[in-house]
Protein chains: 2
Amino acid sequence: MNSKTDSREKIVAAASKLFQLKGYTATGLNEILRESGAPKGSLYYYFPNGKEELALAAVDLTSKTMQANVLAGLNSDSDPVCAVSKVISDMITALKDDGRLQTMSLSMLALETCQTSDTLREACARSFEKMSSIYAQKLLDSGFSCERSAELGTVLQSMIEGAITLSLTARDVKPLETVLHQLPLLLRRDSGV
Amino acid sequence: MNSKTDSREKIVAAASKLFQLKGYTATGLNEILRESGAPKGSLYYYFPNGKEELALAAVDLTSKTMQANVLAGLNSDSDPVCAVSKVISDMITALKDDGRLQTMSLSMLALETCQTSDTLREACARSFEKMSSIYAQKLLDSGFSCERSAELGTVLQSMIEGAITLSLTARDVKPLETVLHQLPLLLRRDSGV
DNA sequence: GTCTATAGGTTGATAGAC
DNA sequence: GTCTATCAACCTATAGAC
(Lines give C-alpha, C1' and ligand atoms only; values in the text may rest on other atoms or scores of the structure.)
Protein backbone atom coordinates (compact mmCIF):
# COMPACT_ATOMS: atom_id res chain seq x y z
CA MET A 1 0.00 0.00 0.00
CA ASN A 2 1.22 3.44 -0.75
CA SER A 3 1.16 5.20 2.57
CA LYS A 4 3.14 7.96 0.93
CA THR A 5 0.23 9.96 -0.39
CA ASP A 6 -2.27 8.45 2.01
CA SER A 7 -2.00 11.17 4.65
CA ARG A 8 -2.13 13.84 2.01
CA GLU A 9 -5.25 12.41 0.44
CA LYS A 10 -7.01 12.03 3.76
CA ILE A 11 -6.26 15.66 4.62
CA VAL A 12 -7.51 16.91 1.25
CA ALA A 13 -10.67 14.78 1.48
CA ALA A 14 -11.47 16.13 4.95
CA ALA A 15 -10.73 19.69 3.86
CA SER A 16 -12.89 19.33 0.78
CA LYS A 17 -15.82 18.10 2.87
CA LEU A 18 -15.52 20.72 5.61
CA PHE A 19 -14.92 23.69 3.28
CA GLN A 20 -18.12 22.85 1.45
CA LEU A 21 -20.08 22.31 4.63
CA LYS A 22 -18.92 25.23 6.76
CA GLY A 23 -17.07 27.49 4.36
CA TYR A 24 -13.43 28.51 4.04
CA THR A 25 -13.07 30.94 6.92
CA ALA A 26 -15.21 29.02 9.40
CA THR A 27 -13.24 25.81 8.89
CA GLY A 28 -10.11 25.66 11.04
CA LEU A 29 -7.01 23.67 10.19
CA ASN A 30 -7.26 21.92 13.55
CA GLU A 31 -10.73 20.73 12.65
CA ILE A 32 -9.54 19.37 9.32
CA LEU A 33 -6.72 17.50 11.03
CA ARG A 34 -9.05 16.09 13.68
CA GLU A 35 -11.42 14.88 10.96
CA SER A 36 -8.65 13.37 8.86
CA GLY A 37 -6.72 11.86 11.74
CA ALA A 38 -3.46 13.36 10.52
CA PRO A 39 -1.18 15.46 12.73
CA LYS A 40 -0.51 19.11 12.11
CA GLY A 41 3.08 18.58 11.01
CA SER A 42 1.95 16.54 8.00
CA LEU A 43 -0.24 19.36 6.80
CA TYR A 44 2.60 21.85 6.58
CA TYR A 45 4.85 19.20 5.10
CA TYR A 46 2.48 18.58 2.20
CA PHE A 47 1.20 22.15 1.98
CA PRO A 48 4.03 24.52 2.95
CA ASN A 49 1.91 27.52 1.98
CA GLY A 50 -0.72 26.59 4.54
CA LYS A 51 -4.45 26.99 4.31
CA GLU A 52 -4.62 28.56 0.87
CA GLU A 53 -2.58 25.81 -0.78
CA LEU A 54 -4.67 23.14 0.94
CA ALA A 55 -7.86 24.84 -0.20
CA LEU A 56 -6.56 24.84 -3.76
CA ALA A 57 -6.15 21.05 -3.64
CA ALA A 58 -9.59 20.73 -2.04
CA VAL A 59 -11.17 22.82 -4.79
CA ASP A 60 -9.54 20.64 -7.43
CA LEU A 61 -10.84 17.48 -5.76
CA THR A 62 -14.37 18.84 -5.31
CA SER A 63 -14.39 20.16 -8.83
CA LYS A 64 -13.36 16.82 -10.36
CA THR A 65 -16.01 14.94 -8.38
CA MET A 66 -18.69 17.46 -9.36
CA GLN A 67 -17.77 17.14 -13.02
CA ALA A 68 -17.92 13.34 -12.84
CA ASN A 69 -21.35 13.45 -11.18
CA VAL A 70 -22.79 15.83 -13.75
CA LEU A 71 -21.28 13.91 -16.67
CA ALA A 72 -22.76 10.66 -15.35
CA GLY A 73 -26.19 12.29 -15.13
CA LEU A 74 -25.96 13.82 -18.60
CA ASN A 75 -24.93 10.50 -20.15
CA SER A 76 -28.05 8.80 -18.77
CA ASP A 77 -30.18 10.07 -21.66
CA SER A 78 -29.61 11.25 -25.21
CA ASP A 79 -32.33 13.89 -24.99
CA PRO A 80 -30.81 17.03 -23.47
CA VAL A 81 -33.91 17.99 -21.45
CA CYS A 82 -34.13 14.52 -19.91
CA ALA A 83 -30.39 14.47 -19.33
CA VAL A 84 -30.24 17.81 -17.51
CA SER A 85 -33.40 16.87 -15.63
CA LYS A 86 -31.62 13.76 -14.39
CA VAL A 87 -28.73 15.88 -13.08
CA ILE A 88 -31.09 18.16 -11.17
CA SER A 89 -33.19 15.24 -9.87
CA ASP A 90 -30.06 13.62 -8.49
CA MET A 91 -29.23 16.85 -6.67
CA ILE A 92 -32.75 17.01 -5.23
CA THR A 93 -32.45 13.43 -3.99
CA ALA A 94 -29.03 14.11 -2.44
CA LEU A 95 -30.32 17.26 -0.78
CA LYS A 96 -33.33 15.43 0.63
CA ASP A 97 -31.17 12.66 2.09
CA ASP A 98 -29.13 15.09 4.14
CA GLY A 99 -29.74 18.79 3.77
CA ARG A 100 -26.09 19.56 3.23
CA LEU A 101 -23.84 20.31 0.33
CA GLN A 102 -21.98 17.25 -0.78
CA THR A 103 -19.99 17.88 -3.90
CA MET A 104 -22.68 19.99 -5.50
CA SER A 105 -21.55 23.59 -5.36
CA LEU A 106 -18.45 25.72 -4.95
CA SER A 107 -20.50 28.91 -4.58
CA MET A 108 -19.79 29.54 -0.90
CA LEU A 109 -16.05 28.99 -1.24
CA ALA A 110 -15.93 31.09 -4.40
CA LEU A 111 -17.82 34.00 -2.84
CA GLU A 112 -15.71 33.85 0.32
CA THR A 113 -12.37 33.85 -1.41
CA CYS A 114 -12.89 35.79 -4.65
CA GLN A 115 -12.07 39.12 -2.99
CA THR A 116 -9.05 37.96 -0.98
CA SER A 117 -7.21 35.25 -2.93
CA ASP A 118 -6.68 35.38 -6.65
CA THR A 119 -5.37 31.81 -6.65
CA LEU A 120 -8.54 30.38 -5.14
CA ARG A 121 -10.76 32.72 -7.12
CA GLU A 122 -9.25 31.54 -10.39
CA ALA A 123 -9.54 27.89 -9.37
CA CYS A 124 -13.24 28.36 -8.66
CA ALA A 125 -13.70 30.33 -11.87
CA ARG A 126 -12.10 27.51 -13.86
CA SER A 127 -14.44 25.03 -12.21
CA PHE A 128 -17.54 27.12 -13.03
CA GLU A 129 -16.30 27.52 -16.58
CA LYS A 130 -15.74 23.79 -16.93
CA MET A 131 -19.22 22.97 -15.64
CA SER A 132 -20.79 25.43 -18.08
CA SER A 133 -18.85 23.88 -20.93
CA ILE A 134 -20.00 20.38 -19.95
CA TYR A 135 -23.63 21.47 -20.23
CA ALA A 136 -22.82 23.30 -23.47
CA GLN A 137 -21.22 20.22 -24.98
CA LYS A 138 -24.32 18.15 -24.28
CA LEU A 139 -26.47 20.73 -26.06
CA LEU A 140 -24.03 20.93 -28.96
CA ASP A 141 -24.15 17.14 -29.34
CA SER A 142 -27.92 17.35 -29.39
CA GLY A 143 -27.96 19.67 -32.34
CA PHE A 144 -28.09 23.11 -30.75
CA SER A 145 -26.10 25.79 -32.50
CA CYS A 146 -22.60 26.50 -31.22
CA GLU A 147 -23.41 29.94 -29.92
CA ARG A 148 -26.71 28.98 -28.33
CA SER A 149 -25.11 25.94 -26.66
CA ALA A 150 -22.46 28.09 -25.04
CA GLU A 151 -24.97 30.64 -23.79
CA LEU A 152 -27.39 28.04 -22.44
CA GLY A 153 -24.52 26.24 -20.72
CA THR A 154 -23.78 29.39 -18.74
CA VAL A 155 -27.47 29.97 -18.02
CA LEU A 156 -27.92 26.39 -16.81
CA GLN A 157 -24.88 26.63 -14.55
CA SER A 158 -26.06 29.97 -13.11
CA MET A 159 -29.59 28.74 -12.59
CA ILE A 160 -28.55 25.50 -10.91
CA GLU A 161 -26.00 27.17 -8.60
CA GLY A 162 -28.59 29.76 -7.64
CA ALA A 163 -31.32 27.17 -7.06
CA ILE A 164 -28.99 25.15 -4.82
CA THR A 165 -28.34 28.27 -2.74
CA LEU A 166 -32.06 29.01 -2.45
CA SER A 167 -32.94 25.40 -1.62
CA LEU A 168 -30.29 25.11 1.08
CA THR A 169 -31.33 28.41 2.62
CA ALA A 170 -35.02 27.53 2.62
CA ARG A 171 -34.33 23.95 3.72
CA ASP A 172 -36.72 23.04 0.95
CA VAL A 173 -35.94 21.61 -2.48
CA LYS A 174 -38.76 23.55 -4.08
CA PRO A 175 -36.52 26.06 -5.92
CA LEU A 176 -34.66 23.17 -7.56
CA GLU A 177 -37.95 21.49 -8.41
CA THR A 178 -39.22 24.71 -9.97
CA VAL A 179 -36.11 24.97 -12.14
CA LEU A 180 -36.63 21.34 -13.11
CA HIS A 181 -40.21 22.11 -14.10
CA GLN A 182 -39.31 25.15 -16.22
CA LEU A 183 -36.39 23.41 -17.91
CA PRO A 184 -38.27 22.24 -21.05
CA LEU A 185 -39.25 25.84 -21.84
CA LEU A 186 -35.71 27.14 -21.55
CA LEU A 187 -34.31 24.39 -23.75
CA ARG A 188 -36.92 24.51 -26.51
CA ARG A 189 -35.42 23.93 -29.92
CA ASP A 190 -37.66 26.19 -31.96
CA SER A 191 -37.02 29.82 -32.74
CA GLY A 192 -33.59 30.11 -31.26
CA VAL A 193 -32.50 33.71 -30.87
CA MET B 1 -31.14 65.54 15.69
CA ASN B 2 -31.81 62.09 17.02
CA SER B 3 -28.48 60.79 18.15
CA LYS B 4 -30.37 58.02 19.90
CA THR B 5 -30.47 55.56 17.04
CA ASP B 6 -27.57 57.16 15.20
CA SER B 7 -24.88 54.89 16.63
CA ARG B 8 -27.06 51.88 16.06
CA GLU B 9 -27.68 52.75 12.46
CA LYS B 10 -24.03 53.43 11.75
CA ILE B 11 -23.10 50.05 13.22
CA VAL B 12 -25.75 48.24 11.17
CA ALA B 13 -24.73 50.04 7.99
CA ALA B 14 -21.06 49.13 8.47
CA ALA B 15 -21.98 45.53 9.31
CA SER B 16 -24.21 45.27 6.28
CA LYS B 17 -21.44 46.48 4.00
CA LEU B 18 -18.70 44.31 5.46
CA PHE B 19 -20.77 41.14 5.72
CA GLN B 20 -21.56 41.38 2.01
CA LEU B 21 -17.99 42.17 1.09
CA LYS B 22 -16.06 39.68 3.22
CA GLY B 23 -18.69 37.31 4.53
CA TYR B 24 -20.07 36.63 8.00
CA THR B 25 -17.22 34.64 9.55
CA ALA B 26 -14.40 36.65 8.04
CA THR B 27 -15.81 39.95 9.32
CA GLY B 28 -14.82 40.68 12.91
CA LEU B 29 -16.80 42.84 15.27
CA ASN B 30 -13.72 44.98 15.84
CA GLU B 31 -13.59 45.70 12.13
CA ILE B 32 -17.24 46.70 12.06
CA LEU B 33 -16.73 49.05 14.99
CA ARG B 34 -13.63 50.57 13.43
CA GLU B 35 -15.54 51.19 10.18
CA SER B 36 -18.56 52.65 11.95
CA GLY B 37 -16.59 54.72 14.47
CA ALA B 38 -18.65 53.37 17.37
CA PRO B 39 -17.07 51.80 20.46
CA LYS B 40 -17.52 48.16 21.41
CA GLY B 41 -19.77 48.90 24.37
CA SER B 42 -22.42 50.40 22.11
CA LEU B 43 -22.58 47.25 20.05
CA TYR B 44 -23.47 45.05 23.00
CA TYR B 45 -25.83 47.69 24.31
CA TYR B 46 -27.86 47.69 21.10
CA PHE B 47 -27.31 44.00 20.30
CA PRO B 48 -27.09 42.07 23.58
CA ASN B 49 -27.01 38.77 21.68
CA GLY B 50 -23.85 39.79 19.87
CA LYS B 51 -22.83 39.03 16.34
CA GLU B 52 -25.86 36.98 15.33
CA GLU B 53 -28.34 39.66 16.39
CA LEU B 54 -26.32 42.33 14.60
CA ALA B 55 -26.22 40.19 11.47
CA LEU B 56 -29.99 39.83 11.62
CA ALA B 57 -30.37 43.61 11.53
CA ALA B 58 -27.80 43.82 8.74
CA VAL B 59 -29.69 41.24 6.68
CA ASP B 60 -32.91 43.19 7.12
CA LEU B 61 -31.23 46.40 5.98
CA THR B 62 -29.54 44.77 2.98
CA SER B 63 -32.74 43.01 2.06
CA LYS B 64 -34.81 46.19 2.13
CA THR B 65 -32.30 48.06 -0.03
CA MET B 66 -32.13 45.20 -2.51
CA GLN B 67 -35.90 45.11 -2.80
CA ALA B 68 -36.06 48.86 -3.39
CA ASN B 69 -33.38 48.63 -6.10
CA VAL B 70 -35.13 45.80 -7.93
CA LEU B 71 -38.54 47.44 -7.65
CA ALA B 72 -37.14 50.68 -9.08
CA GLY B 73 -35.69 48.77 -12.03
CA LEU B 74 -38.89 46.81 -12.65
CA ASN B 75 -41.01 49.97 -12.61
CA SER B 76 -38.89 51.53 -15.35
CA ASP B 77 -40.80 49.67 -18.07
CA SER B 78 -44.22 48.07 -18.45
CA ASP B 79 -42.89 45.26 -20.59
CA PRO B 80 -41.63 42.50 -18.26
CA VAL B 81 -38.66 41.53 -20.45
CA CYS B 82 -37.48 45.14 -20.67
CA ALA B 83 -38.10 45.64 -16.95
CA VAL B 84 -36.11 42.60 -15.81
CA SER B 85 -33.42 43.48 -18.36
CA LYS B 86 -33.13 46.88 -16.72
CA VAL B 87 -32.61 45.26 -13.31
CA ILE B 88 -29.83 43.04 -14.65
CA SER B 89 -28.22 45.88 -16.63
CA ASP B 90 -28.08 47.97 -13.47
CA MET B 91 -26.30 45.11 -11.70
CA ILE B 92 -23.81 44.81 -14.56
CA THR B 93 -23.10 48.53 -14.39
CA ALA B 94 -22.65 48.41 -10.61
CA LEU B 95 -20.36 45.40 -10.89
CA LYS B 96 -18.25 47.09 -13.54
CA ASP B 97 -17.83 50.24 -11.44
CA ASP B 98 -16.30 48.32 -8.56
CA GLY B 99 -16.10 44.57 -8.77
CA ARG B 100 -17.70 44.06 -5.38
CA LEU B 101 -21.07 43.14 -4.05
CA GLN B 102 -23.00 46.20 -3.04
CA THR B 103 -26.52 45.35 -2.01
CA MET B 104 -26.98 42.82 -4.76
CA SER B 105 -26.85 39.40 -3.18
CA LEU B 106 -27.24 37.64 0.17
CA SER B 107 -25.92 34.35 -1.22
CA MET B 108 -22.62 34.31 0.65
CA LEU B 109 -24.17 35.17 3.99
CA ALA B 110 -27.00 32.68 3.43
CA LEU B 111 -24.64 29.84 2.52
CA GLU B 112 -22.34 30.63 5.43
CA THR B 113 -25.03 30.70 8.07
CA CYS B 114 -27.73 28.30 6.86
CA GLN B 115 -26.09 25.32 8.58
CA THR B 116 -25.29 27.03 11.87
CA SER B 117 -27.96 29.62 12.64
CA ASP B 118 -31.65 29.05 12.04
CA THR B 119 -32.39 32.68 12.80
CA LEU B 120 -30.11 33.99 10.06
CA ARG B 121 -31.03 31.20 7.69
CA GLU B 122 -34.71 32.07 7.97
CA ALA B 123 -34.04 35.78 7.53
CA CYS B 124 -32.13 35.06 4.30
CA ALA B 125 -34.82 32.62 3.16
CA ARG B 126 -37.48 35.29 3.70
CA SER B 127 -35.41 37.74 1.65
CA PHE B 128 -35.00 35.29 -1.23
CA GLU B 129 -38.72 34.52 -1.09
CA LYS B 130 -39.60 38.21 -1.17
CA MET B 131 -37.35 38.85 -4.17
CA SER B 132 -38.90 35.94 -6.06
CA SER B 133 -42.38 37.28 -5.30
CA ILE B 134 -41.41 40.76 -6.56
CA TYR B 135 -40.40 39.28 -9.92
CA ALA B 136 -43.55 37.12 -9.90
CA GLN B 137 -45.80 40.11 -9.25
CA LYS B 138 -44.35 41.94 -12.26
CA LEU B 139 -45.11 38.94 -14.46
CA LEU B 140 -48.59 38.59 -13.02
CA ASP B 141 -49.28 42.26 -13.75
CA SER B 142 -48.10 41.68 -17.31
CA GLY B 143 -50.65 38.97 -17.91
CA PHE B 144 -48.77 35.78 -17.08
CA SER B 145 -50.81 33.11 -15.36
CA CYS B 146 -50.63 32.94 -11.59
CA GLU B 147 -48.80 29.63 -11.47
CA ARG B 148 -46.35 30.46 -14.25
CA SER B 149 -45.58 33.86 -12.66
CA ALA B 150 -44.69 32.21 -9.37
CA GLU B 151 -42.46 29.63 -11.02
CA LEU B 152 -40.68 32.14 -13.25
CA GLY B 153 -40.14 34.42 -10.25
CA THR B 154 -38.19 31.65 -8.54
CA VAL B 155 -36.30 30.82 -11.73
CA LEU B 156 -35.35 34.47 -12.26
CA GLN B 157 -34.16 34.84 -8.68
CA SER B 158 -32.10 31.63 -8.90
CA MET B 159 -30.61 32.56 -12.25
CA ILE B 160 -29.67 36.08 -11.18
CA GLU B 161 -28.13 35.01 -7.85
CA GLY B 162 -26.16 32.32 -9.67
CA ALA B 163 -24.99 34.67 -12.41
CA ILE B 164 -23.82 37.20 -9.80
CA THR B 165 -21.77 34.47 -8.14
CA LEU B 166 -20.24 33.42 -11.46
CA SER B 167 -19.52 37.00 -12.52
CA LEU B 168 -17.84 37.90 -9.24
CA THR B 169 -15.73 34.76 -9.32
CA ALA B 170 -14.64 35.27 -12.92
CA ARG B 171 -14.19 39.03 -12.40
CA ASP B 172 -16.13 39.31 -15.64
CA VAL B 173 -19.76 40.32 -16.12
CA LYS B 174 -20.19 37.92 -19.02
CA PRO B 175 -22.40 35.43 -17.11
CA LEU B 176 -24.81 38.24 -16.24
CA GLU B 177 -24.72 39.46 -19.84
CA THR B 178 -25.48 35.96 -21.08
CA VAL B 179 -28.48 35.70 -18.76
CA LEU B 180 -29.59 39.09 -20.04
CA HIS B 181 -29.31 37.85 -23.61
CA GLN B 182 -31.30 34.65 -22.99
CA LEU B 183 -33.99 36.42 -20.98
CA PRO B 184 -36.47 36.95 -23.87
CA LEU B 185 -36.58 33.22 -24.53
CA LEU B 186 -37.28 32.32 -20.93
CA LEU B 187 -40.08 34.87 -20.66
CA ARG B 188 -41.84 34.12 -23.93
CA ARG B 189 -45.61 34.39 -23.61
CA ASP B 190 -46.62 31.64 -26.05
CA SER B 191 -47.17 28.02 -25.17
CA GLY B 192 -46.86 28.27 -21.44
CA VAL B 193 -46.48 24.87 -19.82
C1' DG C 1 -26.37 55.23 28.39
C1' DT C 2 -21.66 55.36 26.78
C1' DC C 3 -17.33 53.62 26.65
C1' DT C 4 -12.57 51.00 27.96
C1' DA C 5 -9.88 47.29 29.49
C1' DT C 6 -9.55 42.70 29.67
C1' DA C 7 -10.83 37.86 30.02
C1' DG C 8 -10.94 33.29 27.83
C1' DG C 9 -10.60 30.76 23.83
C1' DT C 10 -9.32 29.81 19.03
C1' DT C 11 -6.80 30.57 15.02
C1' DG C 12 -2.81 29.87 11.46
C1' DA C 13 1.80 29.05 11.63
C1' DT C 14 6.56 27.48 13.31
C1' DA C 15 10.53 25.26 15.54
C1' DG C 16 12.60 21.30 16.55
C1' DA C 17 12.49 16.29 18.52
C1' DC C 18 12.35 11.73 16.70
C1' DG D 1 9.50 12.22 6.58
C1' DT D 2 6.54 12.26 10.58
C1' DC D 3 4.89 14.30 14.46
C1' DT D 4 4.39 17.44 19.04
C1' DA D 5 4.74 21.53 21.73
C1' DT D 6 4.25 26.14 21.47
C1' DC D 7 3.86 30.90 19.54
C1' DA D 8 1.78 35.44 18.70
C1' DA D 9 -2.36 37.34 16.94
C1' DC D 10 -6.97 37.39 16.61
C1' DC D 11 -11.62 36.58 17.91
C1' DT D 12 -16.26 37.19 20.76
C1' DA D 13 -17.93 38.48 24.91
C1' DT D 14 -17.99 40.61 29.56
C1' DA D 15 -17.22 43.40 33.70
C1' DG D 16 -17.18 47.67 35.44
C1' DA D 17 -15.67 52.82 35.28
C1' DC D 18 -17.64 57.13 34.05
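Reckoned from all heavy atoms, side chains included, excluding hydrogens, waters and symmetry mates. Numbered from 1 within each chain, the chains take letters A, B, ... in sequence-line order.
- Within 4.0 Å of B/Thr27, counting heavy atoms only, lie sugar-phosphate atoms of the nucleic acid but no base atom.
- One can place CG of A/Asp6 at 16 Å from P of D/dG1, the figure rounded to the nearest angstrom.
- Between the CG atom of B/Leu18 and the C1' atom of D/dC11 there is a distance of 15 Å, given to the nearest Å.
- Rounded to a whole Å, the NZ atom of A/Lys51 is 13 Å from the C1' atom of D/dC10.
- If you check D/dA13, C/dT2, D/dT2 against the side chain of A/Tyr46, the one that comes closest is D/dT2.
- One finds no side-chain N or O of A/Ser42 lying less than 4.0 angstrom from the OP1 or OP2 phosphate oxygen of D/dT2.
- A/Arg8 has its CZ atom 16 Å from the C1' atom of D/dT2, to the nearest Å.
- When side chains are defined from C-beta on, B/Gln182 does not count as touching B/Leu186, because their heavy atoms never get closer than 4.5 Å.
- Heavy-atom distances to DNA chain C give each of A/Gly41 and B/Pro39 a nearest nucleotide, and the one nearer the 5′ end belongs to B/Pro39.
- Salt bridge annotation for B/Asp118-B/Arg121: present, with a cationic side-chain nitrogen under 4.0 angstrom from a carboxylate oxygen.
- Side-chain polar atoms of B/Gln67 and B/Ser63 form a donor-acceptor pair below 3.5 angstrom.
- For D/dC11, the OP1/OP2 oxygens have a side-chain nitrogen or oxygen of B/Asn30 closer than 4.0 Å.
- Per the geometry, OH belonging to A/Tyr44 stands 17 Å off P belonging to C/dG16, to the nearest Å.
- Atom CG in B/Leu43 sits about 10 Å away from atom P in D/dT12, given to the nearest Å.
- Between A/Leu54 atom CG and C/dG12 atom P there is a gap of 10 Å when expressed in whole angstrom units.
- When distances are taken from the side chain of B/Lys40 to each of C/dT14, C/dG1, C/dT4, the shortest belongs to C/dT4.
- Atom CG in B/Leu33 sits roughly 15 Å away from atom C1' in D/dC10 (whole-Å rounding).
- Under 3.5 Å, the side chains of A/Ser105 and A/Glu161 contain a donor-acceptor pair of N or O atoms.
- Comparing A/Pro48 and A/Arg34, the nucleotide of DNA chain C nearest to each residue sits closer to the 5' end for A/Arg34.
- With A/Phe19 as the aromatic partner, A/Lys51 does not meet the cation-pi criteria of under 6.0 angstrom to the ring centre and within 45 degrees of the ring axis.
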